[in-house]
Amino acid sequence: MANRKKQKGSDTAVQGTNDSSVVSKVSAAAQGYFHDLFLQHFVCKVARRAPLINRGYYVRWRAVDHCLRSFLKVTQHCAKRQILSLGAGFDSLYFRLYADAALDRAVIFEVDFPDMTRRKAALIGSNVSLLELLHSQPELSPTGPVYVSSSQYNLLGVDMRNETQVEEALGMAGLDLTAPTLILSEVVLTYMETQQSDDIISWAARRFPEALFVLYEQIHPQDPFGRIMQEHFIKLNSTLHALLKYPDSNAQKNRFLDKGWEQCVCMDMNEFFLSLINDDERCRVEHLEPFDEYEEWHQKCSHYFILTASRGSLTAKSLLLRPTEPLQRPARNPVALFVKTQPVLVEGLGMASTMLDGGHILLTGGSSRTTRGAPNRVLLKGSEGWSSVHVESSAHLSVRLYHTATSVPGGGTLIYGGRSSPLNPIEGLIKISFHLDDSHGPDGVIEHNEEQMVCTGPHPPLRWRHSATLVSHKGKDFLFVFGGKNVSEVVLGDGYFLDLDMQHWTEMAVEGEGPEARHSHSACSYKGGLVLFGGHGRRGKPLGDIFMMKQNKRGFCWEKIDTQPPLCARYSHGAHVIDDYLIVVGGVWLHSDSVPGVAMVNLSTHCSLEFNLDTTSVPWPLMLHSFCSELMVEKETELILLGGGGNCFSFGTHFNPQLVTVDLGPVLTSK
């Protein structure tokens with residue numbers, strides 16, 4: 001009895017995910033991500049979702065629609081073809097396809113829990129606009145199992161886990177097992193016990209000789225994002241069961257092949273979005289509404305997949321096509337770098353950091369759990385460890401994200417760029433200087449001088465997610481600002497020099513073919529010039545190239561560096577130079593089976609190594625994007641990681657709560 005009650009409670013919770021999902025789909029459609037006039041008839045109240053959620057439902061809609069259209073195209077000359085939607089909920093699939101005149105000689109069957117189906121049937125029966133699209137006079141039954149029956153649309157209320165009941169209901173509705181059939185499951189099977197979902201996949205393979213199975217679900221439960229995702233569904237009493245046995249694309253593919261399907265293709269949503277949606281469409285989506293959650297977008301897409309499995313020669317033609325350019329896989333060193341937490345709170349994302357005299361660290365801006373403007377603070381390194389001291393500063397300095405903080409000769413830090421929202425970049429250049437001594441305790445407030453710099457010359461356009469690096473030429477120091485993005489440009493590829501002595505934006509000769517436009521890259525001072533790596537490119541892909549900007553007689557010259565093996569593309573990472581070595585930590589890449597650790601590049605020999613991070617001692621998910629990193633001055637084997645995290649799609653926001661350190665010893669000894 002207890003197990004029956006528990007199962008009923010879980011079934012009810014799973015049905016509740018439908019109501020949230022359809023509201024999100026309506027929001028995405030209302031913002032122009034896709035065209036669907038019928039979803040609105042299945043919601044009581046329209047709510048606008050965040051841009052990240054709109055994008056997430058857009059790519060889901062596009063992936064499923066791509067498979068549906070492909071199936072309908074390859075079966076267009078068949079006398080009859082069918083779509084069987086499992087756990088259809090309040091999907092408007094039939095109505096939008098019928099309105100598009102895409103259902104010639106096609107019949108749609110939808111199956112869901114009786115309670116869910118009864119609700120949907122009532123909505124259809126009371127809506128003239130929907131009833132008119134049922135083609136022939138529909139039969140509406142209040143008792144089921146076939147709640148709506150028409151020549152091209154049938155709505156069935158039955159528990160999918162009961163094979164006998166499903167077959168009987170489908171037989172009553174007129175399903176033809178010999179006709180080419182697309183079987184659709186959008187985030188449905190994973191809510192069942194794994195054996196039950198396996199049985200459904202096997203049943204479909206046995207009963208349909210000519211069929212295409214389309215599955216959209218989650219993967220990768222054990223990385224930081226995956227842990228947050230799992231916790232979310234557990235709290236909703238809607239555990240994702242299949243994740244444990246089938247955690248990645250290969251496991252899902254083998255699952256279908258082992259259950260009787262002849263061919264199978266599986267790709268995560270990053271692969272789908274970047275390879276099966278054309279540039280014009282991606283550009284259109286980019287400009288639909290202000291957006292600046294790239295890290296979370298790529299992570300969400302790496303944790304969902306679209307799969308097509310086929311039986312029969314005809315439906316095999318509608319399998320997904322794999323990308324022509326496979327991702328460069330990281331060549332991992334077997335040594336893992338140890339990460340440990342420090343007892344000091346530094347929650348925040350989108351902050352900027354810089355090293356001060358005495359090995360102390362300044363943190364500015366960003367957003368935290370409670371406010372958009374995280375408090376500015378100085379982290380003091382004492383004999384007993386780290387402590388945090390707040391810095392009283394103007395709101396103009398505090399409320400900004402994705403800006404830069406650059407230490408300059410003679411003391412002081414330059415704060416440049418950033419934004420308060422994707423529609424509000426921040427003007428001006430601020431110089432902060434401190435006088436630090438041992439008299440400041442963790443509860444005190446550090447006094448500082450905050451100066452709004454007045455610079456002459458043609459100013460750079462406002463931007464954020466850029467780099468601002470100290471370079472020098474013929475004894476003069478310059479701040480070099482490169483790349484980023486702003487309100488009108490998805491990525492910027494321009495560079496500007498600020499003469500620090502004259503406080504004048506000036507032109508400098510820069511020869512050679514420079515880096516393409518990008519944001520969220522890194523640029524580190526190196527031998528008077530700089531070394532630039534990675535970033536987010538114009539086409540929505542991470543970049544993995546390295547450029548040096550070297551001094552010459554006239555100014556500077558760009559030189560591209562090709563590493564062996566090639567460094568894996570990433571962005572939103574941290575980077576530092578130690579002697580002739582570039583150290584890269586964290587970030588976001590498109591390898592859904594792993595997360596970036598630490599990479600080392602020998603800038604003389606151009607050899608590279610990738611190291612995993614050992615985070616077993618960190619009790620919470622460590623998300624290394626939108627974070628800050630600093631290299632300790634007195635011992636360059638310790639890397640300090642501060643803040644980081646992000647909005648995990650619709651699963652909640654995660655902030656790394658504490659400072660963590662990484663021991664770079666194994667990296668540096670491998671030099």
Mind checking whether [X] and [Y] have side chains closer than 4.5 Å, heavy atoms only?
| X | Y | value |
| --- | --- | --- |
| Y571 | L543 | no |
| L479 | L414 | yes |
| R377 | V389 | no |
| T661 | L639 | no |

Inset, instruction - Of all the heavy-atom pairs spanning S626 and S572, show the shortest one and how long it is. - result: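 What the structure gives for the nearest pair is N-OG, 3.1 Å.
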Legend entry - Minimal non-hydrogen separation, D477 against L470, with atom names: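 That closest heavy-atom pairing would be CB-CD1, 4.2 Å.
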Inset, instruction - Run through Y304, F273, F649, F225 and flag the one making a ring pair (Phe, Tyr, Trp, His ring centres under 6.0 Å) with W297. - result: F273
Considering only NZ, NE, NH1 and NH2 on the basic side and carboxylate oxygens on the acidic side, decide whether [X] and [Y] come within less than 4.0 Å.
| X | Y | answer |
| --- | --- | --- |
| R48 | E289 | yes |
| R463 | D494 | yes |
| E516 | K541 | no |
| E513 | K560 | no |

Ring centres under 6.0 angstrom apart ([X], [Y]):
| X | Y | value |
| --- | --- | --- |
| H536 | H298 | yes |
| H573 | F533 | yes |
| F478 | F480 | no |
| F547 | F482 | no |
| H403 | Y416 | no |

Inset, instruction - Give the intermediate values and the outcome of side-chain contact (heavy atoms from CB on, under 4.5 Å) for residues R518 and H521. - result: CA-CA 7 Å; R518 65 192 68 203; H521 53 286; 3.6 Å; yes
Legend entry - NZ or CZ of R55 within 45° of Y33 ring axis and under 6.0 Å: no
Inset, instruction - Determine whether more than 12 heavy atoms belonging to other residues, nucleotides or ligands lie under 6.0 Å from atom CE of M502. - result: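 No, CE of M502 has 12 or fewer neighbouring heavy atoms, counting only those of other groups under 6.0 Å.
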Legend entry - D223 and H303: side chain donor to acceptor below 3.5 Å: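 Their side chains do contain a donor-acceptor pair, which is all the 3.5 Å distance test asks for.
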Inset, instruction - Go through the steps to decide whether E610 and R570 satisfy the test salt bridge (Lys or Arg N to Asp or Glu O under 4.0 Å), and finish with yes or no. - result: CA-CA 13 Å; E610 297 266 5; R570 73 202 79 188; 2.4 Å; yes
